[in-house]
**Q** 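My questions will all concern the structure given below.
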Amino acid sequence: ADACWAARPESAAAAAVSLRLRQELCVWSELAPRARAVRRAVRAGEAAISPFAWLDTHDDPADHARCAALWSAGLACRPEPRRATVSSGSDRLSLGYLSADFGEHAVGHALAALLPHHDRTRVRVLGYRLGRGDGSALGRELANACDSFRELGGLGDAAAADRIARDGVDVLVDLMGATRGGRPEILMRRPAPVQVSYLGHPGTLGSDAVDYLFADACVAPPELEPYLHEAVVRLPGSYQIGEPPRAAAALPTRRDCDLPDDAFVFCSFQRASKLTARLFAVWLELLRARRKAMLWLAPHPAAVQTRLRAAAAARGVAPERLVFAERKPHAAYAAQYRLADLVLDTHPYNGHGTHVDALLQGCPLLTRPGRSFHARVGASLLSDAGFRDGIASTWAAYRERALAWSADPAAWRRRRDAFEARVRARPPFGGARAARAIEDACLHMRERAAAGRAPVSFAVSDVTDKYAVKPNPTGAENEGSATGRGTRCPLTT
């Protein structure tokens, strides 16, 4: 990729590939000229690159909007007009979920927390899997949680769209966007009267094929709407969904994980491409100031581990103070958060499902929000979990809070234990709450479509009284956030 860009420095595509590979491998040298080349081409409308690949390094919502629009315009087909066929408002809503991640994936675990809670007197749930299944027990569970489940991996885009249309889907929720395995050309063919983007791609897709974007008040405040092509539907609390693993894993000891018993453990189980030179420098400052602290990281490839340890040594931090976790099944991986003291968020691309896992295990999070959707997810999660002290508006505040909390490990452990007890008593990110909100939102979308009205942004709390919500058929208790708060978000950055 570097050789290709060196031969064609005017090529934004080559610069984007080189930028992406360097970020994935944590080769942070000479990133700036590649980033400038990509940004210049996007602003000039000269290059169509994946909007998802740009999230790791960029936090300008206007640039993300341009990037998404260029990418969508460069796809193989043009969006068809909105379908006029909508089922009667008296009929059950036909709600389709489209994803390649019906299995062991963060989206799959979110769906496991959501699908069983849908009220089948209100909605008929249809699942559509793209690609091949992973053969996991979770994949089978998700298929069984749908009223109808179809494999679309063997069908072309036109045939897949036709299959969805013949099923009479009222609202199709795409869980992929521009992520790997996504098939936006299916959406371009308009198989459903209303089409929504959710979970997989944290931001706009810039396409007329997508009518709405499920978000919340933190990740998509009104000031961000000019940069989102879709109408914004604000769900109550956080737009993320999750639940503690149902199969409890044995809690390992710190020694099992090569962590000292008396250390303050900072933790980040994010993929390598979310790490930036600036962010990592801040983390190393924390280690220099707290000589007994450790940094616990995801199971990165050996080459990445070597580079990160070398970067630590170059800044005066002993390489062995960076500990890399082992890859584990989901329940065992999630249990590890109970050994950590504080999760450090990445910037600009925040953690998503991994932070849901951490907070549900009672481990607090420290985030530094940005301007774009994907840079505000940490704040959304903390607002819903009731730990707003973890939202730091500047890098200075981020450092100061991490240092203050790690200065007295015993006091912090008491505060951490209190937080853990609170979220265990009433977990945030509840699937029952999300199911009710999504159903109300989709009923409202269907009603607008049936009346020939264009999509418009709204908060679910403003329309929910229009629809008779029956008692929760599952008897689930996690209907609200850990604090009982609704859509209000304190984020002002």
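Numbers for residues simply follow the sequence, beginning at 1.
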**Q** Please determine, by modelled atom types, if Y227 and D60 share a side-chain donor-acceptor pair under 3.5 angstrom.
**A**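 Judged by distance alone, the side chains do not pair up.
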
**Q** Is the backbone N or O of V210 less than 3.5 Å from a side-chain atom of E230, with the two atoms forming a donor-acceptor pair by type?
**A**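 Side chain of E230 to backbone of V210: no pair is present.
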
**Q** Looking only at the aromatic ring of each residue, does the gap between the centers of W28 and F280 stay below 6.0 angstrom?
**A**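 Yes, the ring centres sit under 6.0 Å apart.
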
**Q** Using the ring centroid of each side chain, check whether Y239 and F373 are separated by less than 6.0 Å.
**A**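 Yes.
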
**Q** Just jot down the side chain to side chain donor-acceptor pair (under 3.5 Å) partners of R321, sequence neighbours excluded, or say none.
**A**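 With neighbours one apart ignored, the set is empty.
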
**Q** Flag yes if more than 12 heavy atoms outside R424 fall under 6.0 Å of its CZ atom; otherwise flag no.
**A**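 Count over threshold, so yes.
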
**Q** With a cut-off of 6.0 Å (strictly less than), are more than 12 heavy atoms of other residues, nucleotides or ligands near CZ of R180?
**A**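 Counting other residues, nucleotides and ligands, CZ of R180 stays at 12 neighbours or fewer.
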
**Q** Does any donor atom in the side chain of R271 or S273 lie under 3.5 Å from an acceptor atom in the other side chain?
**A**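 Yes, S273 and R271 have a side-chain donor paired with an acceptor closer than 3.5 Å.
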
**Q** Classify the side-chain pair N350/H374 by whether it contains a donor and acceptor separated by less than 3.5 Å.
**A**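 No, no side-chain donor-acceptor contact under 3.5 Å.
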
**Q** Any side-chain donor paired with an acceptor under 3.5 Å for Y349 and W54?
**A**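 No, no side-chain donor-acceptor contact under 3.5 Å.
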
**Q** What I want to check is whether the side chains of T354 and D357 have a donor and an acceptor closer together than 3.5 Å.
**A**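 Short answer, no.
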
**Q** Taking the six-membered ring for Trp, are F52 and W71 closer than 6.0 Å centroid to centroid?
**A**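 No.
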
**Q** Would you tell me whether T367 and D345 have side-chain atoms, one donor and one acceptor, within less than 3.5 Å of each other?
**A**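 The criterion, which ignores hydrogens and geometry beyond distance, is satisfied for D345 and T367.
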
**Q** Do R22 and S29 get their side chains close enough for a donor-acceptor pair, meaning under 3.5 Å?
**A**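 Side chains of R22 and S29: pair found under 3.5 Å.
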
**Q** Would you be so kind as to tabulate the donor-acceptor pairs closer than 3.5 Å made by side chains of residues 106-116, with sequence neighbours excluded?
**A**
from : atom 1 : to   : atom 2 : distance (Å)
H109 : NE2    : E104 : OE1    : 2.9

